[in-house]
Colleague: 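The structure is given below, and queries will be raised subsequently.
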Number of protein chains: 2
Amino acid sequence: MTQAGYKQFCPVAMASEVLCTRWTMVLMRELVAGTTRFNDLRRGVPKMSPALLSTRLKELESAGVIERLPSRAEKGVFEYHLTPAGKDLRPVIEAIGNWGQKWVESTLSLRNLDPSLLMWDMRRNLDPSPLPPLRTAVQFLYSDLPSTKNCWWLVIEPDGEVDLCWSDPGFEINLYVTTDLRTMTAIWMGLATLESERDKIELIGDRKIAATMQVWLGLSPFAKQKKLAS
Amino acid sequence: MTQAGYKQFCPVAMASEVLCTRWTMVLMRELVAGTTRFNDLRRGVPKMSPALLSTRLKELESAGVIERLPSRAEKGVFEYHLTPAGKDLRPVIEAIGNWGQKWVESTLSLRNLDPSLLMWDMRRNLDPSPLPPLRTAVQFLYSDLPSTKNCWWLVIEPDGEVDLCWSDPGFEINLYVTTDLRTMTAIWMGLATLESERDKIELIGDRKIAATMQVWLGLSPFAKQKKLAS
DNA sequence: CTGTATCCCCCCGGATACTG
DNA sequence: CAGTATCCGGGGGGATACAG
C-alpha cells in the first residue's frame with residue numbers, strides 16, 4: 001500500500017503517496033471540515049478502527065499536513081489542527097467531492113445510508129441564522145429504522161451552537177420531522193428537495209421553523225454541484 | 001483496499017473508492033495526459049505490474065471513467081479513452097499535482113530520479129514551435145549514469161511529432177546536452193532553470209536551438225506552481 | 001503489442017480488548 | 001476521553017512467465 005511508494009518524481013505521485021491510502025482522503029475531509037478531536041473524528045469515520053485512525057493521524061503529522069497540539073480549552077486533551085499545507089488540501093477535497101457528486105450514481109451513494117453519519121453531518125452544516133434567538137429543538141424520526149436508532153434530536157442553542165442527541169434531551173420540541181432515512185439523506189445531499197419530497201416527509205410543530213427548514217438545514221457542501229450521472 | 005468500500009454516502013468517500021486505490025491516481029494522470037495504449041501506459045507507470053495495470057483499467061472502465069475501444073488507426077489494437085466523467089477528473093489531478101508541487105519537499109521528489117520517465121515526460125510536453133521546420137535531433141547524455149541508460153535522443157519531426165530513442169537514431173545531431181540526471185529533472189520540474197544551472201549543464205551544437213531550449217523544453221505541467229516546502 | 005495466468009508473500013487493516 | 005496492544009486472516013499486489 002504505502003508499502004514502498006511509486007518511485008516517481010511527479011508531484012501527483014508524491015502527493016498520492018500521502019493522500020491515496022485507505023481511509024486517508026475520507027479522514028482529510030473530516031479534518032478539513034474542522035473536526036479536531038480523536039473521538040469526534042471517530043464519529044465522522046465510524047467504520048475506521050481506532051488503531052488505523054491513530055496510524056493515519058501520525059502519518060499525516062509526519063507528512064506535515066496536521067499538527068497534534070494540546071487543547072487550549074481542556075487540559076490533558078489533544079487536538080489535531082491543519083497546518084498551512086493541510087489547509088491547502090481543501091481544493092483537493094473539494095475537487096474530489098464535486099466530481100463524486102457529479103458522476104457517482106446516486107443509487108450507489110444511497111446504498112450507504114447511515115443515520116448517525118447523516119445527523120453528524122447535519123449538525124455540522126446547520127445554519128442557525130433563520131431560527132429565532134431561542135433554544136430550538138428538532139426531533140428527527142426515521143420511521144423505517146429499528147427503534148434503537150430511529151430517533152435523533154438537534155438542539156440549537158441561542159448562541160448558535162448545535163448539539164446532537166440520540167436520547168431525548170427533555171426540552172420542549174419545536175419541530176417534529178418524520179420521514180425515512182433515504183429521503184432525508186437525498187434531501188441533505190441535494191439530490192431532492194423538501195418540496196419535491198413533501199409527500200414523504202411530515203413536519204409537525206412550529207410553522208415558521210418548518211417553513212424555513214430548507215434554509216436552516218444547510219445541506220451537504222457538495223449539494224450545489226450539478227449531478228450528471230443518474 | 002477496495003476491499004469493501006467506506007460505507008459512506010459522502011461524495012468524497014464514493015469518489016475515493018474509485019480513485020484512491022494503489023496506483024490509480026498515477027495511472028489517471030497518465031490517461032488525463034492523453035496516453036491511450038497499454039504499453040504506452042506501462043512506460044508512464046513502469047513500476048506497476050501489467051497484471052495490476054490491467055485490473056485497474058477494468059475497474060476504471062466499470063466505474064465509467066474510461067472506455068476501451070478498438071484503434072481507428074491500427075486494427076487489432078485497443079485504446080483507452082476518457083469518458084466525459086474521466087475528462088472531468090482533470091481538475092482533481094491538477095489539484096493534487098499542484099498541491100504536491102507546492103508542499104512535497106523537493107529532496108523527496110528528487111530521490112526518485114528515473115531517466116526513462118523523465119525523457120518520456122519530456123517527449124510529451126515538448127513544444128516544437130520555436131524550432132526550425134526541419135527534423136531536429138537532440139542528444140541527452142547523463143554523465144552520472146551507467147552507459148546502458150545514460151544516452152537518449154529526442155527527434156522532432158517537421159510535423160511536430162516527437163520520438164524518443166534510447167539507441168542512436170543515426171540522424172545528424174543538432175544539439176548535444178550533457179548534464180546529470182538530477183539537474184535535468186530539477187529543471188524540468190521547474191525547481192531550477194537552465195540559467196541557474198548553467199555551470200552544471202553543457203550545450204553543444206546549433207546555437208539557436210540551444211538558445212531557445214528553455215522554451216521548447218516545455219517543462220512539467222506543474223512547473224508553474226510555486227514551491228513552498230523546501 | 002496487448003494483455004493473462006499463476007504463484008505466493010507480506011502486510012494492511014479489521015476486530016476486540018484494554019489502559020492511563 | 002484518547003488512544004494502545006495484540007491477534008490474525010484475507011487479499012492486494014509484486015514478480016515472472018507466457019499466450020493470442
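Throughout, a chain's letter reflects where its sequence line sits, starting with A, and its residues are numbered from 1.
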Colleague: Examine D/dG13: is either OP1 or OP2 under 4.0 Å from a nitrogen or oxygen in the side chain of B/R56? Give yes or no.
Modeller: yes
Colleague: If you define the side chain from C-beta out and look only at heavy atoms, does anything of B/I93 sit under 4.5 Å from B/E30?
Modeller: no
Colleague: I need the CZ-C1' distance between A/R43 and D/dC1, as an integer number of Å.
Modeller: 13 Å
Colleague: Could you check whether atom CZ of B/R124 has more than 12 heavy atoms from other residues, nucleotides or ligands sitting under 6.0 Å from it?
Modeller: yes
Colleague: To the nearest 0.5 Å, tell me how far A/R56 CZ sits from A/M25 CE.
Modeller: 12.0 Å
Colleague: Could you measure the distance from the CE atom of A/M122 to the CH2 atom of A/W152? Nearest 0.5 Å is fine.
Modeller: 11.0 Å
Colleague: Between atom CZ in A/F78 and atom C1' in D/dT4, what is the gap in whole Å?
Modeller: 15 Å
Colleague: Can you check whether A/K58 has a side-chain N or O nearer than 4.0 Å to OP1 or OP2 of D/dT4?
Modeller: yes
Colleague: Distance check: side-chain N/O of B/R42 vs OP1/OP2 of C/dT2, anything under 4.0 Å?
Modeller: no
Colleague: Give a yes/no answer on whether the side chain of B/Y80 brings an N or O atom under 4.0 Å of OP1 or OP2 in C/dG3.
Modeller: yes
Colleague: Look at the side-chain N and O atoms of B/R22 and state whether any lies under 4.0 Å from the OP1 or OP2 oxygen of C/dC12.
Modeller: no
Colleague: Between D/dG12 and B/W23, is there an OP1 or OP2 to side-chain N/O distance shorter than 4.0 Å?
Modeller: no
Colleague: Just the rounded figure in Å: distance from P of D/dG13 to CE of B/M48.
Modeller: 9 Å
Colleague: Nearest of C/dG14, C/dA17, C/dG3 to any side-chain atom of A/P50?
Modeller: C/dA17
Colleague: May I have the distance from A/L41 (atom CG) to D/dC1 (atom C1'), rounded to whole angstrom?
Modeller: 13 Å
Colleague: From D/dA5, C/dG14, D/dC1, pick the nucleotide closest to the side chain of A/A51?
Modeller: D/dA5
Colleague: C/dA15 C1' sits how many Å from A/K47 NZ, rounded?
Modeller: 12 Å
Colleague: Can you check the B/L57 CG to C/dC1 P distance for me, whole Å?
Modeller: 17 Å
Colleague: Looking at the side chain of B/R68, which of D/dC1, C/dG3, D/dG14 is the nearest nucleotide?
Modeller: C/dG3
Colleague: Please report the interatomic distance CG(B/L41) to CG(B/L27), rounded to the nearest 0.5 Å.
Modeller: 6.0 Å
Colleague: Can you tell me if the side-chain N/O atoms of B/S54 get under 4.0 Å from OP1 or OP2 in C/dT4?
Modeller: yes
Colleague: Please report the distance, rounded to the nearest Å, between CG in B/L53 and C1' in D/dG14.
Modeller: 14 Å
Colleague: Taking the side chain of A/L52 as its heavy atoms from C-beta onward, which of C/dT2, C/dG14, D/dA2 lies nearest to it?
Modeller: C/dG14
